[in-house]
Protein chains: 2
Amino acid sequence: MLSRLLIRRLAARHHASLSLLDIRLRHTQEQQRDDRSQHKQRIMATLIGAWTGVALWLQYNNRTDASSSSTEDIDEEKYGAYHSGLPEYTLDDVSKHATIEDRIWVAYRHGVYDITDLIPKHPGGDKILMGAGGSVEPFWSLYAVHQSAHVLDWFETFRIGNLSSDDVGASVKDMNDPYGNEPRRHVALKPSSKKPFNAEPPLRLLVDNLITPNDLFYVRNHLPVPEIDEASYELEICDELTNKEKAFTLKDIKKYPKHTITATIQCAGNRRSEMTKVKPVKGLSWGQAAIGNATWSGARLCDVLKDMGIEDGKTDALHVQFEGLDTDPASMPYGSSIPVEKALDPHGDVILAYEMNGEPIPRDHGYPLRVIVPGVVGARNVKWLGRIVLSENESDAHWQQNDYKGFSPNVDWDTVDFKKSPAIQELPVISAICEPAEGQKVKVKDGKIKVTGYAWSGGGRKIIRVDISSDGGRNWQAANILESDEARHPRAWGWTIWKTEVPVCESESEVQLCVKAIDSQYNTQPENFENIWNLRGVLANAYHRVNVKLGK
Amino acid sequence: MLSRLLIRRLAARHHASLSLLDIRLRHTQEQQRDDRSQHKQRIMATLIGAWTGVALWLQYNNRTDASSSSTEDIDEEKYGAYHSGLPEYTLDDVSKHATIEDRIWVAYRHGVYDITDLIPKHPGGDKILMGAGGSVEPFWSLYAVHQSAHVLDWFETFRIGNLSSDDVGASVKDMNDPYGNEPRRHVALKPSSKKPFNAEPPLRLLVDNLITPNDLFYVRNHLPVPEIDEASYELEICDELTNKEKAFTLKDIKKYPKHTITATIQCAGNRRSEMTKVKPVKGLSWGQAAIGNATWSGARLCDVLKDMGIEDGKTDALHVQFEGLDTDPASMPYGSSIPVEKALDPHGDVILAYEMNGEPIPRDHGYPLRVIVPGVVGARNVKWLGRIVLSENESDAHWQQNDYKGFSPNVDWDTVDFKKSPAIQELPVISAICEPAEGQKVKVKDGKIKVTGYAWSGGGRKIIRVDISSDGGRNWQAANILESDEARHPRAWGWTIWKTEVPVCESESEVQLCVKAIDSQYNTQPENFENIWNLRGVLANAYHRVNVKLGK
């Protein structure tokens, strides 16, 4: 069952460059008639399956704090070490414990663990069962960001035995670093995680231009960047309701009218580092620059779908699913979906984009094709787009079902039910002060200081006003200059750069600046993070507050 | 020039029942070849013109506080009384002062006033010039709500003379009460103003049903309710860019496919009475019930326009203007506009509605035809619809240009520039607790109390969560039951009724309940009114807070 799923996924992925892991699996398939290899195969499949399950587990278990883990020093020898007095098991033994009935075992370095009792607490539900009976070790090389003493200490409490010395290291012996072929990045990008690569530019650079340069655009990758050959690249589009299916080369896509929009893309976790100060949250510790504004050119998705007979009013599909060509060790692609209304609306401006700011989309941003869903959270703007599925259902991918959702502040990792909350699509109104920076000494001229930043709202809502305060929010004034492109509500996909001079009380040595934006629906931002706190630290759009020192 | 404008407006209004004022004007037109009447005519036209200008002036002058004026006792004899020692003028004299060059005079009872120096401060700009050279008295009977000692005291400072005793009362002599033919209203509606009629139902009745009964739907009228004969009723549609024009009877409109939507309509000033506690604002003192949810049936505006060749991508119009058949004393109709994108989008669901909750629209709600612009502020849902104009420009009506706009909290009546802010269209997310009421004693059962209310967001955004706190906002929990119709984002035009039980600290004798809603764009409400305060008291969507006493 598991290997059939893997094979299907692999088949779907045949255009992507295959990682070493994929190659090993393909190799396994080719040999599937070889009786002698069948036993090995079963071990390998379960081993590989394990990575996904444990990855999900580590990502969501309430003892993980990914925001701190990327910089943590781990004593790697301490965890998974040989413990005398414990029974010894082979990988073959481990592989026999792949169901709840048999109990779920996994291996890590010299250790064997029974994680059955962890499953009921696992937010990913039965996905972890895919991880049964194998080793978690290859996972560590893929999700380095999750190497945290918290997790590992807790993981050790599930220890039941030692792995046979012959099998130690077997699962990673022939494995290259899946991050060995990442693109070069601009030195100014500050990583919040290196594997996968996640980084934001210095905040003050964002306001230099209405358009963020490609090199300085924040990067949010969930998996290794795939290496894709444009010549053999194909995009598959499949309608689950009619079984229509069609493949498009990049050349095919370029035959459709070229449509260019200016759109801001923002990570759901932008400004998470502020929310986490109220109470810790899980996720990459983004500052205020996990957002950027670019022009995107390509074919409109609705034009391409129309050619397949799929258009507004003529389909029973409710969702449009996207799959990336970036895959996890089980060859499961990054995936996500949007409601069909957005995809089929000609004014929804969903673009199959092959250009970013007039250049071929850089590898980090989805080369050769990224779906741009303007006004919608970055997570749905799937990079390295490999497959589109029209369906009655949302994507069943982890990132759609068990991530990128908001919750009430009282919901914690013990009580969360991801089914109860809708996947984030359009993002709420947000703003930030890009200059001056926190703690900076600023020059007062004629009783005023210069302040500049960005403001944006999802859903094509335009920024109509930005209010600034220099006394912590007691008094406000509208910013003088709002710069944005000419797009009108409800297709104002791009952000607004604002500039102003605010009067300050010169007898003070320090003042608190705050900003709030108002969009064309007259929505505005919440004042503080306390009441919008959520366990994943997403939707962090409270007023941005910056304390500065006043100089003469 | 002035009378030509009036005549054009009258012609446009020929289907509406004419008020006595209109009849007098029409009479004036018919006699226009009568030389002897020409002098009288000029006086009458300027007199009537005066009402509009002064109405605007009174509504916006920073010495008016309409929220308190409706209940104020005015010593009517004190204002406009005869002052010995002042020069005497006839109405003919007054009518010669109708331009800035000649200075602008108006009359009120026994008084004559030079209001030239008031003009630069007048937010309606040169509109007040239409009010030059006449009497303001007829205005008082129309806008009784503006009779405030503040205004009258200030008005007296412009006094320059006495009106000739022969002319005193001339302007109102033959005038019936323009509010003499209003419909009967349900006794439960609590008026915030009687002329024009503005009223809301008891808050606790709103949650009895997802659909608000017609009789209990809040009423927000700007002018007297026109009396319209369905048999002679016509709707004019005119395209300013192509000069296409067409008239439709109600029967014509009913030939188009009948489209039914559930949509909430809300006054921009709903919950103003809470905002005004922070600092006084101008406007009717609405509680939390200037909102209602109904089904609306009629022809889609886009279907009707398509028949005239006006459709998406085939017009240069940017705005669609609506005029009501309700008119001010100068025969100027209530007017307002929406962006063309909303009007032409088949999914925008703009309806020329002839039914409300399955019955012919009641007179108070726009009989025989009201344009329903779902997701958009009540002010654009023009009642008694008489005329639609496709244009490059917004409506120039007062309610579009100089009202129903939001401003930064620092903007006051001395600094406001209505041109700087866009007209409110889609409304932001809002919610209210309908039961228990402020100060109510509530029964605690198993440590919990029952709380219920509504939540809604403009722009077709659906309510995805409602958070309730029983400790003033320190702790929150999501409401258990959300009831709404099945419409999906971005066409979720109707509200959500929520119900829940919240735990309370039983050792307390009093607790503060608060509510905030989250919509499908994950926008939420601001915490307090301080930072969203605006001089007109619109967009009052901060958390709703209700203090209740706990009983056993």
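These figures come from a predicted structure and were not determined experimentally. Keep in mind that the numbers below use all heavy atoms, side chains included, and drop hydrogens, waters and symmetry copies. Within every chain, numbering begins at 1; the chains are lettered A, B, ... in the order of the sequence lines, protein sequences first and strands thereafter.
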Region of Leu318(A) that comes under 4.5 Å of a non-hydrogen atom in chain B: both
Leading residue by heavy atom contact count with chain B [cutoff under 4.5 Å; candidates Ile532(A), Val411(A), Asn528(A)]: Asn528(A)
Side chain / backbone / both / neither for Lys516(A) at chain B, heavy atoms under 4.5 Å: side chain
Contact listing (chain B partner; residues 466-473 of chain A; heavy atom under 4.5 Å): Asp467(A), Gly473(A)
Backbone N/O of Gly458(B) and side chain of Gln521(A): donor-acceptor pair under 3.5 Å: yes
Rounded distance [0.5 Å steps], CG in Asn475(B) versus CD in Glu530(A): 12.0 Å
Heavy-atom contacts under 4.5 Å, residues 480-490 of chain B to chain A: Arg488(B), His489(B), Pro490(B)
Separation of Asn531(A) CG from Thr524(B) OG1 (nearest 0.5 Å): 8.5 Å
Residue, of Pro339(A), Gly375(A), Gly406(A), that accumulates the most heavy atom pairs under 4.5 Å with chain B: Gly406(A)
Largest heavy-atom contact set with chain B, pairs under 4.5 Å, which of Ala542(A), Gly459(A), Pro428(A): Pro428(A)
Spacing of Tyr522(B) atom OH and Asn541(A) atom CG [to the nearest 0.5 Å]: 12.5 Å
Pairs of heavy atoms under 4.5 Å with chain B: top-ranked of Pro409(A), Ala478(A), Pro526(A): Pro409(A)
Residue selection (most heavy-atom pairs with chain B, distance under 4.5 Å) from Ile518(A), Val377(A), Ile464(A): Ile464(A)
Nearest heavy atoms of Asn523(A) and Val429(B), plus distance in Å: OD1-N, 3.3 Å
Min side-chain heavy-atom separation His347(B)-Asp345(A) under 4.5 Å: no
Portion of Leu427(A) that has a non-hydrogen atom of chain B nearer than 4.5 angstrom: backbone
Residues, nucleotides or ligands: over 12 heavy atoms within 6.0 Å of Glu311(B) CD: yes
Gln425(A) side chain to Ser520(B) backbone, donor-acceptor under 3.5 Å: no
Chi angles and distances behind the salt bridge (charged side-chain N to carboxylate O under 4.0 Å, His left out) call for Arg461(B), Glu426(A): CA-CA 10 Å; Arg461(B) 273 68 192 139; Glu426(A) 294 171 352; 2.6 Å; yes
Residue part contacting chain B, namely of Asp312(A), when any heavy atom lies under 4.5 Å: side chain
